[in-house]
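Notes follow once the structure below has been shown.
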Number of protein chains: 2
Amino acid sequence: MIYNWFYLNPRSGVPLYLQLKEQLKMAVAGGVLKPGDRLPPVRELAAALSVNPNTVARAYSELEREGLLSSEQGRGTFVRAAEPLLGREERKIQVQGLIDRVLVEAFNLRFTPVELQELWGERLKAWETRLQRGKGEKGNE
Amino acid sequence: MIYNWFYLNPRSGVPLYLQLKEQLKMAVAGGVLKPGDRLPPVRELAAALSVNPNTVARAYSELEREGLLSSEQGRGTFVRAAEPLLGREERKIQVQGLIDRVLVEAFNLRFTPVELQELWGERLKAWETRLQRGKGEKGNE
DNA sequence: TAAAGTGTATTAATGTATTAATACAATAAT
DNA sequence: ATTATTGTATTAATACATTAATACACTTTA
């Protein structure tokens with residue numbers, strides 16, 4: 001069951017819809033949800049997570065705006081198979097911005113470029129193997 | 001003048017104190033502000049930026065809590081010279097978390113590990129040279 | 001010691017975000 | 001066609017964040 005991949009904590013301080021968005025992104029990035037997969041209906045997932053359907057709807061719709069999902073009224077919500085909405089150059093700029101912010105933070109935490117390079121390598125490899133693992137499988141178990 | 005390194009936009013949607021925090025971090029990470037340097041008094045910087053002194057005070061105090069600055073009542077606020085407050089392991093975990101978030105975002109934007117590796121290398125090098133440049137200089141011009 | 005310069009704390013005004021309740025609209029199934 | 005299923009839009013209640021006004025406390029300097 002795909003539900004088991006999600007867990008919301010109302011007392012964490014992090015908004016429910018943001019927690020869900022984050023976990024949905026993880027599920028897609030990690031291969032648990034694959035392009036074309038259908039997500040649970042808003043009411044169903046909302047019931048399973050004990051939140052208002054609007055909360056799930058907001059997570060879905062924001063992820064649609066960000067190009068990760070695709071919602072069709074009356075049909076359902078799906079993981080987008082095609083390229084995201086943004087163009088190649090725009091996406092690159094966005095990722096660059098993210099990387100720059102990490103670098104600034106890390107330098108302020110007194111990390112050296114060499115240490116950072118090592119840490120980055122570690123994490124990238126970890127995600128690569130995770131993506132590899134989730135390659136052959138199908139469906140939402 | 002150090003003031004020239006800061007610019008706040010009240011209509012950007014981003015809170016003023018966050019804009020200032022970000023720019024202060026950049027100034028330190030990039031070597032414009034060096035350990036031991038004194039920052040402008042809250043009232044003075046506030047006047048220069050046309051905001052309430054509390055806004056500057058908040059930026060300063062949060063950066064103090066984060067270990068980047070050090071404020072002393074009656075004396076002023078300075079760039080912290082010593083190691084940050086967090087321990088080595090804690091800092092590593094924090095940076096790892098930041099990196100992971102970038103990776104998730106990037107994968108969802110359909111970047112491949114190879115592309116990411118390249119982009120990361122570019123940005124890291126860019127910051128390295130920037131840090132190098134700001135090494136010999138002294139004071140706030 | 002008085003005055004000026006500095007960061008800090010308290011309170012209030014205002015805007016924004018979050019969540020829920022409810023009704024609407026489009027599609028699919030019968 | 002009718003009903004069930006699905007996403008969407010509107011509104012309201014509530015809490016939180018942001019900024020400003022103002023007074024306070026500590027340090028330096030004359």
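Nothing here was measured: the structure is a model prediction, and the numbers come from that model. Letters go in sequence order (proteins before strands), and every chain restarts at 1.
Between the side chain of B/R38 and the backbone N or O of B/R75 there is at least one donor-acceptor pair closer than 3.5 Å.
Scanning residues 52-61 of chain A for heavy-atom distances under 4.0 Å to DNA chain C yields A/N52, A/N54, A/T55, A/R58. Interface residues of residues 7-19 of chain B facing DNA chain D, ordered by number: B/P15, B/L16, B/Y17; criterion, heavy-atom separation under 4.0 Å. Taking a 4.0 Å limit (strictly below) on heavy-atom distances, residues 70-79 of chain B reaches DNA chain D at B/Q73, B/G74, B/R75.
Through ILVMFWY side-chain contacts below 4.5 Å, A/I93 is grouped with nothing and stands alone.
B/V79 and B/K34 get closest at one heavy-atom pair: CB-O, 3.4 Å. The two atoms that bring A/S71 and A/T77 nearest to each other are OG-OG1, 2.9 Å, heavy atoms only.
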Atom pairs and distances, side-chain donor-acceptor, residues 13-30 of chain B, under 3.5 Å, sequence neighbours left out:
from, atom 1, to, atom 2, distance (Å)
B/Y17, OH, B/R58, NH2, 3.2
B/Q19, OE1, B/N9, N, 2.9
B/Q19, NE2, B/N9, O, 2.9
B/Q19, NE2, B/S12, OG, 3.1
B/Q19, NE2, B/V14, O, 2.7
B/K21, NZ, B/E62, OE1, 2.8
B/K21, NZ, B/E66, OE2, 2.7
B/Q23, OE1, B/Y7, N, 2.8
B/Q23, NE2, B/Y7, O, 2.9
B/K25, NZ, A/E105, OE2, 2.7
B/K25, NZ, B/E66, OE1, 3.4

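At a threshold of 4.5 Å between side-chain heavy atoms, the hydrophobic network of Ile, Leu, Val, Met, Phe, Trp and Tyr places A/F78 and B/L109 in two separate groups.
Taking a 6.0 Å sphere around CD of B/E118, one finds it holds 12 or fewer heavy atoms contributed by other residues, nucleotides or ligands. The local environment of CZ in A/R101 is sparse, with at most 12 non-hydrogen atoms from other residues, nucleotides or ligands closer than 6.0 Å.
Between B/L103 and A/W120, the closest side-chain pair of non-hydrogen atoms falls below 4.5 Å. In this structure, the side chains of B/R123 and A/I99 come closer than 4.5 Å at one or more pairs of heavy atoms. Residues A/Y3 and A/L49 are not in side-chain contact: their nearest non-hydrogen atoms beyond the backbone lie 4.5 Å or more apart.
Taking CG of B/L124 as the reference point, atom CG of A/L116 lies at 6.5 Å (rounded to 0.5 Å).
Using cut-offs of 30° and 60° on the angle between ring planes, the pair A/F107 and B/W127 is tilted.
Distance CG (A/L69) to C1' (D/dT8): 16 Å, rounded to an integer number of Å. With rounding to whole Å, B/E62 atom CD is found 11 Å from D/dT19 atom P. When rounded to the nearest whole Å, the span between CD of A/E64 and C1' of D/dT6 equals 13 Å.
Taking every nucleotide of DNA chain C with any atom under 4.0 Å from a non-hydrogen atom of chain B, the first and last of them, 5' to 3', are C/dG5 to C/dA9.
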